[in-house]
Amino acid sequence: MARALQLARHGLNTATPNPRVGCVLVKDGRIIGEGWHAVAGGPHAEIVALQKLGAGDAANGVSKVARGATAYVTLEPCSHHGRTPPCAEALIAAGVGRVVAAMQDPNPRVAGQGLQRLNDAGIVVACGLLEAEATELNIGFVARMTRGRPWLRLKIAASLDGRTALANGLSQWITGPAARRDVHAWRALSCAVLTGIGTVKADDPRLTAREVETSRQPLKVVIDSRLETPPDAAVLAGGGVLIACASVDAGRRAALEARGAEIVALPDGKGRVDLPAVLRELARRGSNEVLVEAGSTLGGALLREGCVDELLIYQASLLLGDAARGMVDLGELTTLAAGHRLRILERRAVGADFRLRAHLDEE
C-alpha cells in the first residue's frame, strides 16, 4: 500500500478534480502490475495497472495474469459509470482474488458500493490500511465530497516577529527565493489560487505556477466586492480568472469580461462578498484544494468565517517591528479563548527561511 500511495502522488498536480489514486497488483509474492490516475477522463489507477500486465484486454476479462492476485488500491474502486467504466467491474473481470483499499470513497456515488460489489462477486475485501496517509493525500477531495467546499490553505509570508509588510505597504520580498519557489509548488497542486482586490492593487500578482514544472495552471480567483480590478491587471493575463463581487457595475463588468474574466455575484447582504458562498461555488466547479495568497484583511475575514483549514506560514529571519503590518486582521480579542488554536504539523527549513504548516484545531 505504501507503494500504491507513492504511485498516487504522480497525479498530485494533474488528477484534479478527481482524487489521486495508485494501484499495485501482487501475485505469488511479487508485483505484477502497477499504475496511477494521471488526469481526469483518463484511465483510473486500477485500469492502468491491469493494462500493464501485457496480456490482452484485462478490463474485458481476456487476461488471466491477474487471476487470483491481490490489488492494493489507495481508494475504494469506483462502482459507477462516469467518464470511464467502473473499476470494480474491471477487477472482477480480471479475476483478482483480493482487494485491499486504503479508504472508502467519500463520493456519495460510490461510498462503499464499490467494495460491496467486489464482495458480492466473491472477492475478499479489506479496507483501512494506511487510511490516514490516503486521506491526507486526498484531503481536498474528501473535503469537497463530505462538506461541499474545498480544503483551504492560507499562505502567509512574515518576519520572525509576525509582520507581513511595512506600514507603507512594502512587502516584496520578505522571504527568499527558495521560499517563493516552494509557494509555486503549492500553487501547482492547488485547483485554485485566491486573492483579494487589495493585493491585486498593491502587488499586481500573476498567481500562476511558474517556478515548478506543471502541465496545469490553477484557476485564479479574485475577491472584489465593487469590481475594482484594473482591466490591465497581471492576474487577467492568460485567462482562467474568476472574479467574485457583491455588486455588478455593467461597464466594469464588460471591461473585465473583455479580458477573459468570468464574473460571479455572491453578495452577503452587507456590501461584501459572501466568502463561504465563494467556496461552495469553487466546490461546484470541482476545486478540491484552494490556496489563499492575500493580505491581512481577507485572511482575517476567512478565519473569522471558519473558511480556513490550514496555514502555510513562511518565516523569514527578519524583524520589522510593531509599526509594520500584522499577519491577519481578527479585530480586537478580549479573551485568549477567542483566539484560533492551531495544531502544528511541521516546521522545516526552506532555504534561509522556515515553513510552518498547521491545521486549525478548534474542536
Side-chain angles (χ1 to χ4, degrees), residues 143 149-172 174-175 183 186-187 190 192-203 205 207 220-226 228-229 235 242-246 266-282 289-316 320-345 355-363:
R149 66 178 177 87
W151 183 264
L152 189 139
R153 295 185 178 96
L154 175 60
K155 168 257 172 180
I156 300 172
S159 62
L160 201 59
D161 55 346
R163 303 295 167 171
T164 59
L166 299 179
N168 61 11
L170 187 63
S171 63
Q172 296 179 324
I174 288 177
T175 53
V183 172
W186 286 99
R187 287 182 184 179
S190 300
V193 178
L194 185 149
T195 195
I197 182 59
T199 299
V200 170
K201 287 181 174 181
D203 298 336
L207 298 185
K220 296 171 285 185
V221 183
V222 180
I223 306 298
D224 181 5
S225 296
R226 296 184 293 273
E228 297 175 315
T229 301
V235 73
L242 178 69
I243 300 179
C245 65
L266 297 169
D268 69 351
K270 301 176 183 178
R272 297 184 295 264
V273 174
D274 186 331
L275 297 176
V278 171
L279 296 187
R280 291 193 295 270
E281 175 64 18
L282 292 177
E289 297 170 53
V290 175
L291 179 67
V292 177
E293 298 190 48
S296 62
T297 300
L298 180 55
L302 288 163
L303 276 165
R304 288 195 304 272
E305 299 208 31
C307 295
V308 177
D309 298 299
E310 185 174 325
L311 289 174
L312 290 173
I313 302 175
Y314 292 85
Q315 295 176 304
L320 294 179
D322 289 348
R325 299 181 182 181
M327 294 170 63
V328 288
D329 181 3
L330 295 176
E332 182 181 358
L333 304 181
T334 57
T335 67
L336 292 176
H340 294 267
R341 295 288 177 183
L342 306 177
R343 178 162 51 90
I344 307 301
L345 303 179
R355 185 189 73 206
L356 183 148
R357 191 163 69 93
H359 285 179
L360 269 289
D361 192 10
E362 302 189 58
E363 294 183 359

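One-based numbering along the sequence shown. Model, not experiment: these values are computed from the prediction. These numbers come from the heavy atoms of this one structure, side chains and all, not from hydrogens, waters or symmetry mates.
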For [X] versus [Y], what's the shortest heavy-atom pair and its separation?
X: R325; Y: A167; answer: NH2-O, 3.4 Å
X: S159; Y: I174; answer: N-CG2, 3.9 Å
X: A358; Y: L342; answer: CB-CB, 4.1 Å
X: A246; Y: P267; answer: O-CB, 3.4 Å

Review point. Should L356 and I344 be marked as a side chain to side chain contact (heavy atoms under 4.5 Å, CB included) after you check the CA-CA gap, both sets of side-chain angles, and the distance that decides it?
Key: CA-CA 7 Å; L356 183 148; I344 307 301; 3.8 Å; yes

Flag side-chain contact, heavy atom, 4.5 Å: [X] against [Y]:
X: V278; Y: L194; answer: yes
X: K220; Y: V193; answer: no
X: V290; Y: L282; answer: yes
X: L312; Y: V183; answer: no
X: S225; Y: I197; answer: no

Main chain of [Y], side chain of [X]: is a donor-acceptor contact present, judged purely on distance under 3.5 Å?
X: D268; Y: K270; result: yes
X: R149; Y: C307; result: yes
X: D274; Y: L266; result: no
X: T164; Y: G326; result: yes
X: R163; Y: L320; result: no

Review point. Side chain to side chain contact (heavy atoms under 4.5 Å, CB included) between D309 and L360: does it pass, once the steps are laid out?
Key: CA-CA 6 Å; D309 298 299; L360 269 289; over 6 Å; no

Point-to-point distance, once rounded to the nearest 0.5 Å, from [atom1] of [X] to [atom2] of [Y]:
X: L279; Y: L275; atom1: CG; atom2: CG; value: 7.5 Å
X: T199; Y: D224; atom1: OG1; atom2: CG; value: 11.5 Å
X: L207; Y: E293; atom1: CG; atom2: CD; value: 6.0 Å
X: L311; Y: K155; atom1: CG; atom2: NZ; value: 12.5 Å
X: H359; Y: R153; atom1: NE2; atom2: CZ; value: 7.0 Å
X: W186; Y: R357; atom1: CH2; atom2: CZ; value: 5.0 Å

Practice item. Would you please name every residue forming a side chain to side chain contact (heavy atoms under 4.5 Å, CB included) with A338, sequence neighbours left out? Key: L333, T335

Exercise for review: Check side chain to side chain contact (heavy atoms under 4.5 Å, CB included) between L330 and all other residues, then give those that pass, not counting sequence neighbours.
Suggested key: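 Here the qualifying residues are L303, R304, V328, H340.
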
